[in-house]
Amino acid sequence: MELFNKKNYLKNGYEVIENVIPSRLIKEFKREIKLFTKNKAKYKNNNKKKEDDFSNCLKNLNNRKTAYQLMQDLRSVKKISHEIDKTLDERGIYRKLNFKSPSIKNGLIVSLPNEELYDNPLHQDIYNYYSRTFIKIWAPLTPVNTTNGTMKLFQGSHKLGFIMPKYKKLKHYPEIDETHAENHETVILKMKPGPIVIFNPLIVHGSVPNKSNKSRFIFGSDIQDVADIPSNTKDKFFSEM
């Protein structure tokens, strides 16, 4: 079985890579989340929807933003990043995508049950787009589906190029109207922890809400090639932004 199909990736704008994050790292991450919850759980759980302890803990923290920021650099998250980087190198994926000097920026995306305020509308990941060689990594650390929430993307929509977004539902987050990608097949990702998704940052995608009673955790990476930063500031794509 081919470990990475470059042809499919270029055609569809995304590719699922199997067997990347080992179960031991998923367990380590869950242990760290459990310890965080245990040490911070000084709240009254009056939630009738019986959401998980982590959700109730985070929603009741006065310094929720600080906690969220610190969680980005959990030791287990850094280990997961290293495992993904090693996989991309050892399986020749960097080479196939013409990376010479990969630069990696990681993040942890948390979606609490029945909290849609922070869900992303349809968008392209253009705001940290510095290199012409750029991929996104999206890796669930808990199951993702239409109940637990996930990501939907429009297959092949990266070929539309840069689409000018507008501020519509959210004043702080510009979005893309779905009509731009209506001729592209909608893919709703349904996965368990272990595989990762590599996708083109120009593909049109957005959040599927978490309707369950459990928190959803996603590891994300921006990987760009330092060797492919445009030297000309009048580069076509960058001048449009």
Cluster question for you: counting only ILVMFWY and a side-chain heavy-atom cut-off of under 4.5 Å, with indirect links fine, are [X] and [Y] together?
X    : Y    : result
L122 : I163 : yes
I126 : F154 : no
I176 : W138 : no
L189 : V20  : no
I109 : F199 : yes

For the pair F134 and Y129, name the ring-plane relationship: parallel under 30°, tilted 30 to 60°, perpendicular over 60°.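 Taking Y129 first and then F134, their aromatic rings stand perpendicular (interplane angle over 60°).
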Report yes if the side chains of [X] and [Y] come closer than 4.5 Å at any heavy-atom pair, otherwise no.
X    : Y    : answer
P22  : E83  : yes
L112 : K59  : yes
D222 : K136 : yes
Y118 : V110 : no
D177 : H180 : yes

With sequence neighbours excluded, tell me which residues meet side chain to side chain contact (heavy atoms under 4.5 Å, CB included) with S221.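 Side chain to side chain contact (heavy atoms under 4.5 Å, CB included) list for S221, sorted by chain: I104, N106, I137, F219, I223.
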Considering residues at least two apart in sequence or located in another chain, which fulfil the side chain to side chain contact (heavy atoms under 4.5 Å, CB included) criterion with K159?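 K159 satisfies side chain to side chain contact (heavy atoms under 4.5 Å, CB included) with K11 only.
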Would E116 and K211 count as a salt bridge (charged side-chain N to carboxylate O under 4.0 Å, His left out) here? Give the steps. CA-CA 9 Å; E116 298 183 25; K211 299 295 186 181; 2.6 Å; yes
Side-chain donor-acceptor pair under 3.5 Å between D52 and S215, yes or no?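 A donor-acceptor contact under 3.5 Å links the two side chains.
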So, does [X] use its side chain to make a donor-acceptor pair with the main chain of [Y] at under 3.5 Å?
X    : Y    : answer
Q224 : Y130 : yes
N56  : N60  : no
R216 : S111 : no
T150 : T146 : no
H158 : Q124 : no
Y68  : L108 : yes

How many angstroms lie between [atom1] in [X] and [atom2] in [Y], if you round to the nearest 0.5 Å?
X    : Y    : atom1 : atom2 : value
K166 : E175 : NZ    : CD    : 10.5 Å
I21  : I196 : CD1   : CD1   : 7.0 Å
N12  : N200 : CG    : CG    : 11.5 Å
S131 : K100 : OG    : NZ    : 10.0 Å
N114 : L117 : CG    : CG    : 13.0 Å
Y9   : I135 : OH    : CD1   : 6.0 Å

Trace of the side chain to side chain contact (heavy atoms under 4.5 Å, CB included) decision for D53 with K34: CA-CA 9 Å; D53 289 340; K34 188 174 182 179; over 6 Å; no
Would you name the heavy atoms of [X] and [Y] that are closest together and state the gap between them?
X    : Y    : answer
Q155 : H184 : O-ND1, 3.1 Å
D225 : P102 : OD1-N, 4.3 Å
K192 : P140 : O-CG, 4.2 Å
P195 : E18  : CG-OE1, 3.4 Å
V226 : S103 : CG2-CB, 3.7 Å
L61  : A67  : CD1-CB, 4.0 Å

Check ring pair (Phe, Tyr, Trp, His ring centres under 6.0 Å) between F217 and all other residues, then give those that pass, not counting sequence neighbours.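 F29, F54.
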Pair I198, Y14 - check side chain to side chain contact (heavy atoms under 4.5 Å, CB included), show working. CA-CA 5 Å; I198 299 177; Y14 78 101; over 6 Å; no
Taking salt bridge (charged side-chain N to carboxylate O under 4.0 Å, His left out) as the definition, give me every residue that meets it alongside R64, ordered by chain and number, with sequence neighbours left out.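 Salt bridge (charged side-chain N to carboxylate O under 4.0 Å, His left out) check on R64 returns E115.
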List in chain and number order the residues that pass salt bridge (charged side-chain N to carboxylate O under 4.0 Å, His left out) with R95, two or more places apart in sequence or in another chain; answer none if no residue qualifies.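 Partners of R95 by the salt bridge (charged side-chain N to carboxylate O under 4.0 Å, His left out) criterion come out as none, since no residue qualifies.
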Might you work through the side chain to side chain contact (heavy atoms under 4.5 Å, CB included) test for L3 and I17, ending with a clear yes or no? CA-CA 7 Å; L3 297 177; I17 310 298; 5.9 Å; no
Check this for me, if you would: do E32 and K79 make a salt bridge, where the nitrogen-to-carboxylate-oxygen distance has to be below 4.0 angstrom?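 Judged by the 4.0 Å cut-off on N to carboxylate O distance, E32 and K79 do not form a salt bridge.
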Before accepting this row, confirm whether a basic side-chain N of the pair D228/R132 lies closer than 4.0 Å to the acidic partner's carboxylate O.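 Yes, this pair counts.
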Steps toward side chain to side chain contact (heavy atoms under 4.5 Å, CB included) verdict (R91, F4): CA-CA 8 Å; R91 297 189 188 180; F4 174 72; over 6 Å; no
Pairs involving residues 178-187, ordered by first then second residue, that meet salt bridge (charged side-chain N to carboxylate O under 4.0 Å, His left out) (sequence neighbours left out):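 Found none.
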